[in-house]
Amino acid sequence: MLKFPTGLSEQVVRDLSAAKKEPLWMLNYRLKAYKNFIKFALPDFGPDLSFIDFDKICYYARPTTRKVSSWKKLPKKIRQTYDAIGLPEAEKQYLAGVGAQYNSEIVYQNLKAEWEDLGVVFLDTDTALHSHAELFKQYFGTVIAADDNKFAALNSAVWSGGSFIYVPRGVRLDVPLQAYFRINLANLGQFERTLIIADEGAEVHYVEGCTAPIYSTDSLHAAVVEVIAKRGARVRYTTIQNWSTNVVNLTTQRMLVEAGAVGEWIDGNIGSKLTMKYPAVILAGEGARGDILSLALAKSGQTQDNGGKAIHLAANTSSTIISKSVSLDGGVCAYRGKIAIEPTAANAKTSTTCDALLMDEKSVSKTYPTNVIKTADASIAHEASVSRIGDEQLFYLASRGLPAAEALSMIVNGFVEPIVKNIPLEYAAELNRLIDLDMTGALR
Amino acid sequence: MSKLRIVGLSVASADGHKILEDVSLEFAAGRRYGILGPNGSGKSSLVNALMGHPHYKITAGKILLGKEDIAHLPPDEKAQRGLFLGLQYPVEVEGVSWADFLRVALARQAGNRADFYEILNDLRRHASDLGFKNFDPDRDLNVGFSGGEKKRSEILQMLALRPRFAFLDEPDSGLDIDGAAALMAKLAKLDWPASLAVVTHNPQTLQSLQPDVIYVIKNGRLAASGGEPLIARLQSGGFKDL
């Protein structure tokens, strides 16, 4: 295992880029981003991040195993890890392509042959930098710049791994592309970088699920996800994040949606100690549509600070944000949303619904919506509700024979159902099981 | 085992306010009961406390099922022993389909191997008898149901669960005259040997049910009990004479 010392410096950035044999432009890009990272302050909103000790984080680790093209060729230990989370079975059922990340680098890639024939590219981002240099350079950093925010700058300086997807004009993938991510080293930051380009009229659904084992010290995850939906394209990006509760997850993800295109984020946050993530859609072309479905579950010691942003730049654009959060056992959920309708966005439509469910007295729900509307003809809807699990509801289900834990998980699963019904079946089942487990614990 | 005996039951609200005192009643398999009383008498509290509603506390007495005192069992265990309470105001549960809920409830019944598909078919027939026009088991549990639909939904659940001791709290409220008549007709001919008790403030409700026994609750106590003559007396004189 090649592992860098902890801490970040210009030299670490240079070594990292050299170890990956990157072209000069990428090294320069990283160095510039590193300067931004040093210069920028921590975010001036949301939860306190001052506890993060950037000197204690390892910014690059690489398994000694090189990438392999088939499941059987993976080292036994890695196979066992993935067997434990059910990856091969899932693949057998209906996965089309799989990228599995083991310590910051993709070791396993598989894409169905017929899609390769169609010109679809599904690679780890490091490989794509070399194999699809022009395409990569054309789009990399165009949606989220290296000076966007401190953590996007950090990712731009030290990124490693992630997925690169290109779907050519008019190609429609009706089966989702999936990637599994896993952090295996304590104190190992994971800075994956994902870039998805759906060319004109293309369609793609990308699914990313995360699980992580428990370790003793904090682990930082700061990803950047850039998505480009060109004219008439349709992109859906689904993430279910279940990091162990010592991981801090600070991810910037944004989608550029061109004329007539549809961009969708489905964002589930179950794990981590702290997640700050606000998927954004930039509706840049006439008639573009952006939908954000967000689900958060915060238990004791967890803060889920999530939400969504919709930036309307063109006429007849529309956006929908639906956020559902469940706080239990002292967990904190915050919804942070931004709707911007620029003067160029005539006849824009936007609707936000955020519902919070509080399971007990000590849990917390907060809402921070921001609307900046610069047109006179926009249609804007906003609904928010906070409900407490009612003992009337629990009694009702119990009186028909359901034990308390089962009644509780039925109510919570019912509450999140509008989001869950939009995610692939196996993830939905996994999510429902997680909620069942949490509810059993909640009653102790 | 085929008798449920309430012995010397006292009930208080969660904040300690006394609601019922020293109430003793008996319910037997295959028999029909009316639990009557003026508004605020405590009759609704009685059946809710019986089922284990968290807003009520049983402060004294026993609820004997055979030899077992089930007074302080949680509601789900009472349900699993065959008790059923049809609520006066059934609650809404979003995202949980009516059918899924019922399927889980049935699955929790020991030894129930009934075919759910057949049960649903039976329920569609019952729904039509009850005048439940838009019965759709895939809808969310009680969400957006009208008052009358909620009451019919309770009866349909009871018909599927086939409880040994059913208590229905004001089952006809929210229904029009025809709806109430259809509901009472359905209750009058259950096809299993249930003990069925209907809570109501209106003696007329019970006419088609022809209850074997009437219990009258007034001011938190059992004020009278008896057979058919008692209904006639209540219909002419109301509760004030008791």
Side-chain angles (χ1 to χ4, degrees), chain A residues 268 293 295 297 322-326 353-361 383-423 428-429 431-433 435-436 439-440 443-444, chain B residues 14 47-56 73-98 100-110 112 138-143 150 153-154 156-158 160-163 165-169:
Chain A
L293 298 180
L295 169 68
L297 181 69
I322 299 174
S323 160
K324 296 247 177 191
S325 71
V326 181
T353 310
C354 51
D355 298 327
L357 187 62
L358 290 172
M359 306 290 292
D360 50 56
E361 298 290 323
E383 278 177 52
S385 77
V386 179
S387 41
R388 221 167 264 284
I389 281 265
D391 47 9
E392 297 272 356
Q393 267 187 339
L394 282 175
F395 169 68
Y396 184 56
L397 301 199
S399 78
R400 301 291 139 92
L402 275 64
E406 193 167 5
L408 205 53
S409 74
M410 192 174 243
I411 292 168
V412 174
N413 277 315
F415 173 77
V416 301
E417 203 265 348
I419 310 276
V420 172
K421 73 178 177 200
N422 284 292
I423 68 177
L431 208 57
N432 290 145
R433 273 200 304 276
I435 289 172
D436 290 347
M439 294 312 121
T440 311
L443 286 169
R444 268 183 219 124
Chain B
V47 289
N48 276 284
L50 182 64
M51 201 67 211
H53 193 292
H55 293 181
Y56 302 98
L73 288 182
D76 54 302
E77 292 187 29
K78 288 177 174 168
Q80 280 155 17
R81 282 165 176 73
L83 271 65
F84 178 93
L85 172 64
L87 295 187
Q88 186 175 2
Y89 303 107
V91 297
E92 304 187 356
V93 187
E94 236 172 299
V96 176
S97 88
W98 196 94
D100 280 347
F101 170 54
L102 184 64
R103 195 163 39 76
V104 173
L106 284 164
R108 292 297 159 270
Q109 291 188 331
N112 191 337
D138 291 330
R139 275 171 75 183
D140 284 2
L141 183 55
N142 297 334
V143 176
K150 282 181 183 167
S153 143
E154 293 290 272
L156 291 178
Q157 289 180 41
M158 182 190 78
L161 292 165
R162 302 168 74 86
F165 299 94
F167 298 86
L168 304 177
D169 194 1

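Residue numbering restarts at 1 for every chain, and letters A, B, ... go by the order of the sequence lines. Worth knowing before you read on, the calculation uses all heavy atoms, side chains too, and leaves out hydrogens, waters and symmetry mates.
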Discussion item. Counting heavy-atom pairs closer than 4.5 Å to chain A, which one of B:H55, B:H53, B:Q157, B:M51 comes out on top?
Written reply: B:H53
Fill in: Partner chain A: residue of B:L83, B:L106, B:L141 with the largest heavy-atom pair count (under 4.5 Å)
B:L141
Are side-chain heavy atoms of [X] and [Y] found at a separation under 4.5 Å?
X	Y	result
B:E154	B:D169	no
A:E417	B:D140	no
A:L402	B:F101	yes
B:L168	B:M158	yes
A:L397	B:V91	no
A:N413	A:V420	no

Heavy-atom proximity to chain A below 4.5 Å, by part of [X]:
X	value
B:D100	backbone
B:L161	side chain
B:E92	backbone

Worksheet item: Can you say whether A:P403 sits under 4.5 Å from chain B via the side chain, the backbone, both, or neither, judging by heavy atoms?
Response: both
Fill in: Under 4.5 Å from a heavy atom of chain B, the part of A:L394 involved
neither
